[in-house]
2 protein chains.
Amino acid sequence: MSLRHAVLGLLADHPASGYDLLRTFQTSLANVWPATQSQLYTELNRLAEADLVTVAAEGPRGRKEYAITEAGRTELLHWLTEVEPQRNRRSDALLRVFFLNQVDPERARAYLEREGAVAAERHEGLRQLERSVDWDSGGDLAFYGRLTLEWGLRFTRMQQEWAVWAAEHLRDRTPGDAGRP
Amino acid sequence: MSLRHAVLGLLADHPASGYDLLRTFQTSLANVWPATQSQLYTELNRLAEADLVTVAAEGPRGRKEYAITEAGRTELLHWLTEVEPQRNRRSDALLRVFFLNQVDPERARAYLEREGAVAAERHEGLRQLERSVDWDSGGDLAFYGRLTLEWGLRFTRMQQEWAVWAAEHLRDRTPGDAGRP
DNA sequence: GACTCCATGTAAGCGGTTACATGATTTT
DNA sequence: AAAATCATGTAACCGCTTACATGGAGTC
């Protein structure tokens, strides 16, 4: 149930409408906790129902600006410091590797190489993001955003390096007859 | 819908009962695609319904041994080579980092250090697993299992190193008054 | 006979995805 | 006037989690 806390976390910084939050979820948070429009609006209504947020103002076009309440802040801090993160992660990309013995080594290598290429692309995308953001604003959010971005950079690099290593390992193991005397 | 393919992948190697598969999911696959007992039995019935697996034999205590069918193999290969992996991952641990500006730097550092410690533990656990498995059996599954394990080792190491880096970065930024002249 | 392990099934509830639906305001 | 953007809401479906429920077979 972390969408709830993602919303609280954003509103803790400053009030925003569902529409505002949506854009944040589709940009800054896209790589950490993506959320859809449908999900967001439902959750905002639930949060308001539970008095963790309130409708602070109403604007044109039915716009509702939400603000976090004291109870919301308490809940956020509780989650931040006292709730153990769920660390078990599923990876269907890795699951495929597990079953790569079902295809011939060439296809297996092709799969690994594609994984490496995709990781490299994502890495490059994050590097571009890094360049495009003003990190010197001094804001706390910028600082911690930088930390999560660094995680992403390291993660994608690790994946890329692993894929290269795995493909090589595979080649060494089954010296394909192609390109050999 | 990858539980389906995880089951097919396992049955592609050799027939097994739901109970057998369950143990595999709770051990070898635990770090890649965990599944519960409830989920597994439901999925096996669905797979049988769709003729992707069949009940090859019935044993004592109502044991049903499932085997993959030709249609099942086709579906597995399709998924393996033609379906693009879903790569967007949620991480509530990382989401917390994003909102760490809500707590004081000391608590933030404590959080990062704990993340590092957990990563180190998991790394050690995987190293032990590595030692306990006979990788020289020559089996394909052992080979590809090794690749996924290596991924885990690199991932946990990366996380640990990142956590150390992040905690240091945080210290440099806000030179706490504790332990300073 | 009691305990443990093997073995399967089902029901309630929740969070996430996809799709549909509506309408006001601003821009071109 | 038309198009783009802002803005919210809801319904169907699916997969995962938790919990409950049942019983056969082997072991002490």
Side-chain angles (χ1 to χ4, degrees), chain A residues 1-8 11 15-27 29-50 52-66 79 83-92 95, chain B residues 1-8 11 15-27 29-30 32-50 53-66 79 83-92 95:
Chain A
M1 196 162 60
S2 282
L3 171 64
R4 157 158 300 200
H5 301 106
V7 172
L8 288 175
L11 291 180
S17 71
Y19 197 80
D20 294 338
L21 293 171
L22 182 60
R23 272 174 309 174
T24 307
F25 273 98
Q26 286 170 346
T27 54
L29 280 181
N31 297 299
V32 175
W33 203 273
T36 63
Q37 174 264 342
S38 161
Q39 220 179 329
L40 237 180
Y41 283 104
T42 314
E43 189 58 42
L44 279 168
N45 282 324
R46 272 205 278 258
L47 281 164
E49 180 68 24
L52 299 176
V53 305
T54 49
V55 179
E58 306 209 16
R61 286 178 276 204
R63 176 191 172 93
K64 293 195 235 170
E65 195 162 72
Y66 291 92
W79 173 78
V83 180
E84 193 72 359
Q86 288 271 134
R87 291 192 188 80
N88 52 329
R89 14 179 75 251
R90 292 181 163 84
S91 166
D92 71 326
L95 184 62
Chain B
M1 193 159 63
S2 283
L3 172 64
R4 154 157 302 200
H5 301 106
V7 172
L8 288 175
L11 291 180
S17 70
Y19 197 80
D20 295 337
L21 293 171
L22 182 59
R23 274 175 309 174
T24 307
F25 273 99
Q26 286 169 346
T27 54
L29 280 182
V32 176
W33 203 272
T36 63
Q37 175 264 342
S38 162
Q39 220 179 329
L40 238 180
Y41 283 105
T42 313
E43 189 58 42
L44 279 169
N45 283 324
R46 273 204 277 256
L47 281 164
E49 180 68 25
V53 305
T54 49
V55 178
E58 305 210 18
R61 288 176 278 202
R63 175 190 173 94
K64 292 194 232 170
E65 194 161 71
Y66 291 93
W79 174 77
V83 180
E84 193 72 358
Q86 288 270 135
R87 291 191 189 81
N88 53 328
R89 11 178 79 250
R90 291 182 164 83
S91 165
D92 70 325
L95 184 62

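Just so we're on the same page: letters track the sequence lines, and every chain starts at 1.
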Under 4.0 Å, heavy atoms only, any strand: does A:Gln37 hit a base, just the sugar-phosphate, or nothing?
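Base contact - A:Gln37 has a heavy atom under 4.0 Å of at least one base atom.
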
Considering every strand and a 4.0 Å limit on heavy-atom distances, what is the contact class for B:Arg90: base, sugar-phosphate, or nothing?
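Counting heavy atoms under 4.0 Å across all strands, the contact made by B:Arg90 is with sugar-phosphate only.
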
Would you state whether a donor and an acceptor, one from the side chain of [X] and one from the base of [N], lie under 3.5 Å apart?
{"X": "B:Gln39", "N": "D:dG15", "result": "no"}
{"X": "B:Ser17", "N": "C:dT8", "result": "no"}
{"X": "B:Ser38", "N": "C:dA11", "result": "yes"}

Using modelled atom types only, decide if a donor and an acceptor are shared between the side chain of A:Ser2 and the backbone of A:His5 within a distance under 3.5 Å.
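Absent.
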
Of A:Trp33 and A:Arg61, the one whose closest DNA chain C nucleotide lies more 5':
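Nearest-nucleotide comparison on DNA chain C picks A:Trp33.
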
So, do A:Val83 and B:Asp92 sit near enough that their side-chain heavy atoms are less than 4.5 Å apart?
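SC-SC contact between A:Val83 and B:Asp92 ruled out.
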
Can you find a pair of side-chain heavy atoms, one from B:Lys64 and one from B:Asn45, that are under 4.5 Å apart?
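Yes, at least one pair of side-chain atoms sits under 4.5 Å.
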
Length of the [atom1]-[atom2] vector between [X] and [N], whole Å:
{"X": "B:Leu22", "N": "C:dG9", "atom1": "CG", "atom2": "C1'", "answer": "13 Å"}
{"X": "A:Leu40", "N": "C:dG15", "atom1": "CG", "atom2": "P", "answer": "14 Å"}
{"X": "A:Asn45", "N": "D:dA11", "atom1": "CG", "atom2": "P", "answer": "13 Å"}
{"X": "B:Asp92", "N": "C:dG15", "atom1": "CG", "atom2": "P", "answer": "14 Å"}
{"X": "B:Phe25", "N": "D:dG15", "atom1": "CZ", "atom2": "P", "answer": "14 Å"}
{"X": "B:Gln86", "N": "C:dG16", "atom1": "CD", "atom2": "P", "answer": "15 Å"}
{"X": "B:Met1", "N": "C:dT17", "atom1": "CE", "atom2": "P", "answer": "16 Å"}
{"X": "B:Leu44", "N": "C:dT8", "atom1": "CG", "atom2": "P", "answer": "8 Å"}

Could you walk me through whether B:Tyr66 and B:Val55 pass side chain to side chain contact (heavy atoms under 4.5 Å, CB included), step by step?
CA-CA 5 Å; B:Tyr66 291 93; B:Val55 178; 3.7 Å; yes

Would you mind telling me which of [options] lies closest to the side-chain atoms of [X]?
{"X": "B:Thr36", "options": "C:dT10, C:dT25, D:dT18", "result": "D:dT18"}
{"X": "B:Arg46", "options": "D:dG15, C:dG23, C:dC6", "result": "D:dG15"}
{"X": "A:Arg63", "options": "D:dA7, D:dG23, D:dG9", "result": "D:dA7"}

Tell me whether B:Glu43 is salt-bridged to B:Arg46, with the criterion being a basic N under 4.0 Å from an acidic carboxylate O.
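Salt bridge: yes.
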
Tell me whether the side-chain N/O atoms of B:Tyr41 come closer than 4.0 Å to OP1 or OP2 in C:dG9.
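No, B:Tyr41 has no side-chain N/O under 4.0 Å of OP1/OP2 on C:dG9.
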
